[in-house]
Q: 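Encoded as C-alpha cells, here's the structure I'll be asking about.
In what follows, residues are counted from 1 in the order of the sequence shown. On a predicted model such as this, the values are computed, not experimentally measured, just so you know. All ligand and atom numbering here is 1-based and tracks the order in the structure.
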Amino acid sequence: MPGMRSNPVPVTVLGLGEMGRALAGALVDGGHPTTVWNRSPAKAQPLAGHGAIAAGTVEVAVAANPLIIACLLDHASVHEVLDPVVSSLRGRALVNVTTTTPNQARELADWAGRHGIDYLDGGIMAVPAMIGSPRAAILYSGAAPVFEQHRALLDRWGRSSYFGSDAGMASLYDLAMLAGMYTMFAGFMHGAAMVGSEGVPASEFAARATPFLAAMTGALAGLAATIDAADYAGEDQQSLQFSDLTKLVTASVEQGVSAEVLQPVHEMIQRQIAAGHGNEGFARIFEELRSTR
Ligand code: NDP
C-alpha cells in the first residue's frame with residue numbers, strides 16, 4: 001500500500017552490538033525514523049551519522065516511540081535494561097530478539113503482561129551480514145497483534161515467521177535448529193581431526209565435506225516421516241546393527257583422534273540394539289532423545 005511505504009513506523013532499537021547495529025541499520029535504510037540506544041554510547045555514533053537519532057538514556061529512547069526492539073546479550077541484560085523503565089513501557093509494543101531459552105522468553109512475556117506491555121519474542125536465524133536479505137530468517141512468537149501490525153517492518157530484516165501465542169516457541173525452534181548446526185559442526189571438526197591425523201589440511205577436507213553434507217540434508221524429510229509415523233521398522237536405511245558406528249569409533253581411536261563426539265551416538269545405537277531394535281534404521285535413536293515430560 002502506498003500509504004504504508006510513505007509512512008514507515010517510527011521505532012526504537014535498544015542494544016547496538018553486532019546484531020543490534022545490523023537491525024537498526026536495516027530500519028534506517030528502510031526509511032523508519034529510528035531512535036537508538038546502547039550502554040556504551042560510542043556504538044550509536046555511526047548510526048547517528050547514518051540518520052538514526054541517538055538517545056542519551058533508555059528512558060528517552062523508550063518514550064520516543066510506540067515500538068521498541070531489544071537486541072541485548074541475554075535474558076539478564078534485558079531485565080537490567082528494561083526493569084528501570086517498566087512504567088514508560090506500558091502501552092507500547094516490545095519485540096525482544098535477544099537469544100533466551102524458551103522459559104526465559106515465557107518469563108519475559110509474563111513480566112510484560114503484568115505491566116501492560118505487548119510482547120513479541122524473536123529468534124534470529126542469521127548472522128549480522130545476512131540481515132536485510134532473504135537469507136535471514138527470523139522466528140517470532142507471543143503477541144499476534146504486534147506481529148501482524150508490524151509485519152512490514154519485521155520483513156525489512158529477512159523472512160518473518162510466526163509460531164503462535166506461546167512466547168517460548170520461537171526460541172524453542174531457534175535453539176532446536178542450533179542443536180543441529182552445532183552437532184554438525186562438531187562432526188565436521190571430528191572428520192577434520194581424522195584426516196588431519198595424516199596431514200590433510202582442514203580446508204581440503206571442507207571442500208569434500210561441504211557437498212556431501214549438503215546432499216545428506218536430503219535425507220532429513222525421510223527421517224522425519226519415519227519419526228512422525230513412529231514406524232522405524234519400515235525405514236529405508238541401513239540397519240542399526242550394520243552401521244552402529246563401531247568402524248568410525250575404531251578408526252578414530254587408531255588414528256589417535258578422540259571419539260567423544262561419536263561416542264554418545266554410538267552408545268544410543270548400542271542401547272537400541274540391546275533393546276531388540278537392531279534391524280531398524282538410524283531414526284530409531286529419536287526414541288533415546290524424545291521428551292518424557
Ligand atoms: P554483542 O556482544 O555484539 O552485543 C551485545 C549487546 O548487549 C551490546 O549492545 C552490549 O552493550 C549489550 N549489553 C550486554 N550486557 C548488557 C547489560 N547488562 N546492560 C546493557 N546492555 C548490555 O552481541 P550481538 O549483537 O552479536 O548479539 C545480540 C543478541 O543477538 C544476542 O542475544 C545474540 O545471541 C543474538 N544473535 C546474534 C547473532 C550473531 O551472529 N551475532 C545471531 C543470532 C542471534 P555494550 O556495547 O555496552 O557492551
Q: Report the part of Met125 in contact with ligand 1, treating N, CA, C, O as backbone and CB onward as side chain, heavy atoms under 4.0 Å; options are side chain, backbone, both, neither.
A: neither

Q: Quick one: look up the protein heavy atom nearest atom 20 (C) of ligand 1 and list residue, atom name and how far away it is.
A: Val81 CG2, 3.3 Å

Q: Using the side chain to side chain contact (heavy atoms under 4.5 Å, CB included) rule, pick out the option among Leu94, Asp118, Thr12, Leu153 that qualifies with Leu67.
A: Leu153

Q: Looking only at heavy atoms, is any part of Thr100 under 4.0 Å from ligand 1, and if so is it the side chain, the backbone, or both, or is it neither?
A: neither

Q: Quick check on atom 30 (O) of ligand 1 - does any protein heavy atom sit closer than 4.0 Å to it?
A: yes

Q: Which residue holds the protein heavy atom closest to atom 44 (C) of ligand 1, what is that atom called, and what is the gap in Å?
A: Thr99 OG1, 3.6 Å

Q: Do the side chains of Ser88 and Glu59 get nearer than 4.5 Å, heavy atoms only?
A: yes

Q: Is the closest basic N to carboxylate O distance between Arg114 and Asp110 below 4.0 Å?
A: no

Q: Which residue and non-hydrogen atom of the protein lie closest to atom 24 (P) of ligand 1, and at what distance in Å?
A: Met19 N, 3.8 Å

Q: Can you check whether Val146 reaches Tyr119 side chain to side chain, under 4.5 Å on heavy atoms?
A: no

Q: Please state which protein non-hydrogen atom is closest to atom 17 (C) of ligand 1 and give its distance, to 0.1 Å?
A: Arg39 NH1, 3.2 Å

Q: How close does the nearest protein non-hydrogen atom get to atom 12 (C) of ligand 1, and which residue and atom is it?
A: Leu72 CD2, 4.1 Å

